[in-house]
Amino acid sequence: MSEKLALLGDEAVALGSIHAGISAAYGYPGTPSTEILQYLINNYKKEGAPVARWCSNEKTAFEAALGVSFAGRRSIVTMKHVGLNVAADPFVNSALLKIKGGLVIAVADDPGMHSSQNEQDSRFYADFAMVPCLEPRNQQEAYNMTREAFEVSERFNIPVILRLVTRLAHARAAVEPGQGKNQNNVSKTQDKGSWMLLPSFARKNYEALLDKQKLLEDWSCQHPVNKLSGAKSDLAVITSGLGGNYYEENLEDFIALRKKAGKGAPVHLHIGAYPLPEKKIRKLYDEADEIIIIEEGQPFIAKKVFGLTGADIKPVIKTGELDPDNVRKVLGLEPRKSISVKTDASALPARPPVLCQGCPHTDSYNSINKAVAALDPKPGHPDVGITSDIGCYSLGAAPPLSAIETIVCMGACVGMAKGASDAGLKYSLAVIGDSTFIHSGITPLIDAVEADVPMTLIILDNSSVAMTGCQPTIVPSDKLKNLILGCGVKPEHVIELDARPNLVDDNAAKLKVEIEHKGLSVVIFKRECLEAIRKNKK
């Protein structure tokens with residue numbers, strides 16, 4: 001028996017992929033998925049294999065993993081749920097390929113939006129692309145299912161999604177690892193039609209994908225994690241993921257409550273492998289009068305079950321996380337007794353997140369605010385629009401800085417600033433981080449270059465992907481200006497400024513000049529993240 005290890009859910013996935021014999025891993029940092037690839041990168045630095053690298057964005061990471069599969073070897077690509085939006089093009093198309101080396105997409109969803117702009121449910125993506133999805137409910141299953149996902153991928157020649165959620169990704173528990181597997185030999189795909197999505201090939205591949213669906217459903221129905229337990233009952237409970245844990249935590253009290261009402265224990269179906277095991281669901285519907293569905297995220301199972309059966313469903317539809325207490329409420333149980341501390345929460349001061357003490361972004365924003373005030377002193381600065389993006393610098397939206405006005409998705413601020421300028425806004429600014437610019441800001445900058453639109457792109461370059469743990473940016477600071485020049489921005493309007501407290505006024509004056517320029521300008525505020533400096537000294 002192997003020695004048990006205390007692992008985060010993310011780390012269990014990483015170790016599972018190593019033991020599954022991967023040859024390479026790719027990803028882009030994004031909470032709560034970051035620790036998967038960070039574990040693999042640390043292992044790569046120590047052991048020299050398998051290859052593990054951060055990429056410019058999730059799309060480039062996915063495409064690199066596809067290349068590994070094309071060569072016949074196993075790969076994993078990691079991202080958070082909104083990252084799958086970025087990788088959607090290669091992801092959906094990959095379902096039409098004849099996957100050779102096992103390909104697993106580890107996606108960490110964020111119910112409750114702890115560090116995300118939405119809480120989309122990646123199971124819908126798996127269903128849309130018609131690929132299998134495995135959903136572990138604990139760290140041991142995260143390890144086991146990761147290993148299994150590669151086997152499933154090669155068995156059905158299809159990519160497989162591994163869906164995690166925040167509480168599993170960032171909780172630690174004992175995991176018993178198994179024996180590792182050797183990497184596959186390099187064996188390039190010879191059937192070119194299975195990897196070329198020209199219409200004539202794609203139509204045949206799509207038919208093959210449709211044919212796989214019956215096989216995948218049979219696999220799902222027979223999967224041991226899709227466990228149907230309990231005798232025939234008037235009530236059936238369907239759970240998935242962590243919902244199964246919370247249901248079982250309350251099961252003793254729930255059975256006692258039903259016993260008082262003269263009813264027996266409910267029948268229970270837990271689902272951890274998709275597509276849905278339709279035969280088992282229909283069996284529940286035929287035997288039960290009522291179905292309760294407990295799932296974390298969006299009502300994926302609830303909608304599917306209603307479509308299958310038209311059942312009288314009492315689903316848990318909650319925009320946020322499940323926990324033992326809100327599941328208890330759904331089951332009709334009284335709240336647990338707890339110590340009550342009388343506190344007037346409204347009297348407590350709000351403690352929103354703020355930029356770190358001495359953060360270079362603070363100095364950059366102070367310069368931006370001074371420049372904007374000089375351009376448009378009217379309240380609210382109606383002649384100035386400042387779009388921004390996701391990252392540490394998003395905290396510039398809150399007081400006392402209150403410097404930015406939009407936060408939508410990675411790279412959006414560049415295109416939005418161009419659009420606002422096209423709409424006639426007098427001064428249009430976009431504020432983006434260096435890593436986010438590399439991720440998805442380059443393409444809209446090229447659009448702005450082509451139009452020479454009057455806008456100013458401000459890049460806050462702290463040489464780090466700071467919010468997710470200070471990973472290094474793909475393009476180092478000393479090469480960023482050359483990249484921008486290569487996109488076609490005029491050299492006289494690419495300005496580099498040191499983001500320092502004693503230079504705030506001087507930087508504001510220089511920035512004002514560029515904002516007033518009747519064309520495209522790019523201003524780079526440069527100073528390394530203090531947390532990254534501290535981390536690198538360790």
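This is a predicted model, so every value here is computed, not measured. Residue indices begin at 1 and follow the sequence shown.
- For Y143 and H19, the gap between ring centers is short of 6.0 Å.
- When K181, R74, K98 are each tested for a salt bridge (charged side-chain N to carboxylate O under 4.0 Å, His left out) with E154, only one passes: R74.
- H270 pairs with exactly one of T239, N245, N226 by the side chain to side chain donor-acceptor pair (under 3.5 Å) rule, that one being T239.
- The aromatic ring centroids of F70 and W195 lie less than 6.0 Å from each other.
- No donor-acceptor contact under 3.5 angstrom links the side chains of Y393 and N462, judged on distance only.
- Under 3.5 Å, the side chains of S521 and T456 contain a donor-acceptor pair of N or O atoms.
- With 3.5 Å as the limit, one finds no donor-acceptor pair spanning the side chains of Q120 and D110.
- With E141 contributing its side chain and R137 its backbone, the two residues share a donor-acceptor pair below 3.5 Å.
- In this structure, the ring of F300 has its center less than 6.0 angstrom from the ring center of Y274.
- Note on R163 versus D109: salt bridge recorded, some NZ/NE/NH1/NH2 to OD/OE distance being below 4.0 Å.
- Side chain to side chain, E321 and H114 meet the donor-acceptor criterion of an N or O pair below 3.5 Å.
- Under the 3.5 Å distance criterion, with hydrogens and angles disregarded, a donor-acceptor pair is assigned to the side chains of S477 and S463.
- The existence of a salt bridge linking E151 and R147 is excluded, since no basic side-chain nitrogen approaches an acidic carboxylate oxygen closer than 4.0 Å.
- A salt bridge does not link K526 with D434: every distance from a Lys NZ or Arg NE/NH1/NH2 to an Asp or Glu carboxylate oxygen is 4.0 Å or more.
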